[in-house]
A.B. asks: 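Before anything else, here's the structure in question.
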Amino acid sequence: MVSTVAQSLLAWYAKHARDLPWRRQRDPYAVWVSEVMLQQTRVETVIPYYSRWMERFPTVEALAAASRDEVLGTWEGLGYYRRAHNLHQAAHMLVTEYGGKLPGEVDKLRRLPGIGPYTAAAIAAIAFNRDVVALDGNLRRVISRLIDLPIDPRSPEGESQLRSWALGELPSGRSSTFNQALMDLGAMVCVPRIPDCVTCPLAQFCLAFQRDVQDARPVRTQRRPIPHITAAAAVLRRGEQVFIGRRPEGVLLGGLWEFPGGRLEPGESLETCLRREIGEELSVEVEVSAKLGIFNHTYTHFHVTVHAFECELKGEEPQALEHSEVRWVSPENLEEYPMGKVDRAIARTILEHAGRPSVSG
DNA sequence: AAAGCGTGGGC
DNA sequence: TGCCCAAGCTT
């Protein structure tokens with residue numbers, strides 16, 4: 001028995017489903033890659049990354065065989081770099097434990113790094129058509145409005161109400177379509193701001209619409225203000241080469257390469273900061289010379305202003321005290337080393353100073 | 001269980 | 001401009 005809600009939803013989806021690259025086949029690997037890329041990331045942003053990724057790593061085996069820098073380099077710019085690291089790790093596990101095939105069971109999927117409750121359910125539903133609910137931001141918003149949920153949809157109680165509603169409406173054996181239809185409805189009609197209730201196929205079932213409180217659903221939780229910090233970075237030179245280090249795993253921008261440096265402490269000058277940081281990280285003394293530039297950036301939970309300086313080494317060789325790996329590289333080769341936004345901007349500036357225009361803006 | 005973890009786009 | 005958001009996971 002298919003509920004009226006499901007009937008209306010699936011009829012709408014039959015006409016309006018988005019044509020997305022990862023929907024053109026039902027390869028579990030492709031579904032997995034797309035789901036991980038889509039975590040906290042817009043569809044339009046993901047599409048070009050997804051295409052490049054599937055070209056370079058078309059199978060679990062190809063991904064497992066790739067180098068860390070190939071993987072991170074393909075991911076560069078997408079953010080939340082632990083996702084790429086986890087994808088790589090999970091590919092190794094899949095090759096050794098599952099013959100390179102993704103399992104279709106939620107509990108087995110959950111054991112792979114980077115696969116949480118949502119992604120496990122999404123793969124099980126979309127790729128294997130299992131009768132499970134993949135509760136993402138879209139479904140939380142759509143269902144919060146349908147049932148006029150007056151509490152935080154991420155709280156245990158809110159989550160439980162959303163899930164039991166969805167399970168009750170889910171047409172058995174059509175889970176793949178049902179879940180994706182709710183996501184598309186959330187992405188195109190039941191959008192966060194100014195939902196298009198006039199064209200919504202579920203308006204007749206929507207309690208928030210009937211009560212005209214759709215703008216107040218889902219209920220929002222408060223966020224904390226984010227601080228602003230100042231930092232200094234050093235471009236150490238040895239002849240034509242410059243110094244970079246790889247950030248350790250599990251920290252901000254883990255696994256990516258960077259120019260050494262760090263956060264300015266209260267009352268400290270930029271020069272003192274840089275000499276202190278280089279001493280702590282690399283156990284060498286430097287002389288701070290020309291300023292290369294000032295770079296602003298916003299991360300998830302703080303803003304930063306980075307002052308980059310050319311620095312001269314006094315004799316000794318830098319030690320990798322806080323980096324997992326360090327290297328002297330020619331500026332024209334910097335591109336091969338995956339970096340976050342700020343360090344990539346510094347790298348481009350170095351190239352410009354060397355009289356080579358950056359590749360793109 | 002609250003906080004850390006990127007980036008780009010819309011208004 | 002500054003803030004909010006966009007298919008979450010981990011500790």
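In the text below, chain A, chain B and the rest are named by the order of the sequence lines, each starting its count at 1. Please read all numbers here as calculations on a predicted model, not as lab measurements.
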A.B. asks: Identify, between A/I115 and A/W22, the residue whose nearest nucleotide on DNA chain C lies closer to the 5' end.
C.D. replies: A/W22
A.B. asks: Using the C1' atoms only, state how far B/dA1 lies from C/dT10, rounded to an integer number of Å.
C.D. replies: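 About 12 Å, rounded to a whole number of Å.
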A.B. asks: For A/E35 and A/R82, take the nucleotide of DNA chain C holding the closest heavy atom to each; which residue's nucleotide lies nearer the 5' end?
C.D. replies: A/E35
A.B. asks: Let me know the distance between CZ of A/R83 and P of C/dG8, rounded to the nearest Å.
C.D. replies: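 Rounded to the whole Å, the gap is 9 Å.
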A.B. asks: By the 4.0 Å heavy-atom rule, please label A/V43 as base, sugar-phosphate, or nothing.
C.D. replies: base
A.B. asks: Take atom CD of A/Q39 and atom C1' of C/dG8, then tell me their distance rounded to the nearest Å.
C.D. replies: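 Going from CD in A/Q39 over to C1' in C/dG8 covers 5 Å.
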A.B. asks: Using the P atoms only, state how far B/dA3 lies from C/dC4, rounded to an integer number of Å.
C.D. replies: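 Approximately 16 Å lies between the P atom of C/dC4 and that of B/dA3.
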A.B. asks: Does A/R224 make a side-chain N or O approach to OP1 or OP2 of B/dA2 shorter than 4.0 Å?
C.D. replies: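 Looking at the OP1 and OP2 atoms of B/dA2, neither is under 4.0 Å from any side-chain N or O of A/R224.
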A.B. asks: When the distance from CZ of A/R344 to P of B/dG6 is rounded to whole Å, what number comes out?
C.D. replies: 16 Å
A.B. asks: For A/Y337, give me all partners under ring-ring contact (aromatic ring centres under 6.0 Å, His included), at least two apart in sequence or on another chain.
C.D. replies: A/W257
A.B. asks: Under 4.0 Å, heavy atoms only, any strand: does A/W75 hit a base, just the sugar-phosphate, or nothing?
C.D. replies: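 The answer is nothing, as A/W75 stays clear of every strand by at least 4.0 Å.
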A.B. asks: For atom P, what is the distance between C/dT11 and B/dG6, given to the nearest Å?
C.D. replies: 14 Å
A.B. asks: Rounded to whole Å, how long is the line connecting atom CD1 of A/I194 with atom P of C/dC5?
C.D. replies: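 Distance check: A/I194 CD1 to C/dC5 P gives 14 Å.
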A.B. asks: Looking at A/R223, I'd like to know whether one of its side-chain N or O atoms comes within less than 4.0 Å of OP1 or OP2 on C/dC5.
C.D. replies: yes
A.B. asks: Between the base of C/dA7 and the side chain of A/R18, is one N or O donor paired with an acceptor at under 3.5 angstrom?
C.D. replies: yes
A.B. asks: Starting at atom CZ of A/R154, determine the distance to atom C1' of C/dG8, rounded to an integer number of angstrom.
C.D. replies: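 It is 7 Å, rounded to the nearest whole Å.
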A.B. asks: Over all strands shown, is A/I226 touching base, sugar-phosphate only, or nothing at heavy-atom distances under 4.0 angstrom?
C.D. replies: nothing
A.B. asks: Would you mind listing every side-chain hydrogen bond (donor to acceptor under 3.5 Å, both in side chains) that reaches into residues 264-279 of chain A, with sequence neighbours excluded?
C.D. replies: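 Counting only pairs at least two positions apart or across chains, the side-chain hydrogen bond (donor to acceptor under 3.5 Å, both in side chains) contacts touching residues 264-279 of chain A are A/E268-A/R276, A/S269-A/T272, A/R276-A/E280.
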A.B. asks: Between N or O atoms, less than 3.5 Å apart, protein on one side and nucleotides 7-9 of chain B on the other: list the pairs.
C.D. replies:
{"from": "B/dT7", "atom 1": "OP1", "to": "A/Y81", "atom 2": "OH", "distance (Å)": "2.9"}
{"from": "B/dT7", "atom 1": "OP1", "to": "A/K341", "atom 2": "N", "distance (Å)": "3.3"}
{"from": "B/dT7", "atom 1": "OP2", "to": "A/H297", "atom 2": "NE2", "distance (Å)": "2.9"}
{"from": "B/dG8", "atom 1": "OP1", "to": "A/K341", "atom 2": "NZ", "distance (Å)": "2.6"}
{"from": "B/dG8", "atom 1": "N2", "to": "A/R42", "atom 2": "NE", "distance (Å)": "3.3"}
{"from": "B/dG8", "atom 1": "N2", "to": "A/R42", "atom 2": "NH2", "distance (Å)": "3.0"}

A.B. asks: Would you mind reading off the distance between A/H303 atom NE2 and C/dT1 atom P, rounded to a whole angstrom?
C.D. replies: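 Atom-to-atom, A/H303 to C/dT1, this comes out as 12 Å.
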A.B. asks: So, A/H228 and A/T305: side-chain donor and acceptor under 3.5 Å apart, yes or no?
C.D. replies: yes
A.B. asks: Where do A/C311 and A/V286 come nearest, in terms of heavy atoms and distance?
C.D. replies: CB-CB, 4.3 Å
A.B. asks: Tell me yes or no: between the side chains of A/Q39 and A/E35, is some donor less than 3.5 Å from an acceptor?
C.D. replies: no
A.B. asks: Rounded to the nearest 0.5 Å, how far does CZ of A/F128 lie from CD of A/E105?
C.D. replies: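 Here the interatomic distance stands at 8.0 Å.
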A.B. asks: Taking the side chain of A/D136 as heavy atoms from C-beta outward, which of C/dA7, B/dC11, C/dT10 is closest to it?
C.D. replies: C/dA7
A.B. asks: Does A/H301 place a side-chain N or O at less than 4.0 Å from the phosphate oxygens OP1/OP2 of B/dC5?
C.D. replies: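 It does, given that an N or O in the side chain of A/H301 lies less than 4.0 Å from OP1 or OP2 of B/dC5.
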A.B. asks: So, A/R83 versus A/T41: side-chain donor-acceptor pair below 3.5 Å or not?
C.D. replies: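 Yes - a donor-acceptor pair under 3.5 Å links their side chains.
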A.B. asks: Round to the nearest Å and state the distance from A/L112 atom CG to C/dT10 atom C1'.
C.D. replies: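 Taking atom C1' of C/dT10 as the reference, CG of A/L112 is at 15 Å.
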A.B. asks: For the C1' atoms, the ones on C/dT1 and on B/dG8, what distance do you get once it is rounded to whole angstrom?
C.D. replies: 16 Å
A.B. asks: To the nearest Å, how far apart are A/R193 CZ and C/dC3 P?
C.D. replies: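 Those two atoms, CZ and P, are 14 Å apart.
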A.B. asks: In whole Å, measure the gap between the C1' atoms of B/dG9 and C/dC9 for me.
C.D. replies: 23 Å
A.B. asks: Return yes if a side-chain donor-acceptor contact under 3.5 Å exists between A/N129 and A/S176, otherwise no.
C.D. replies: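 Side-chain D/A pair, A/N129 to A/S176: absent.
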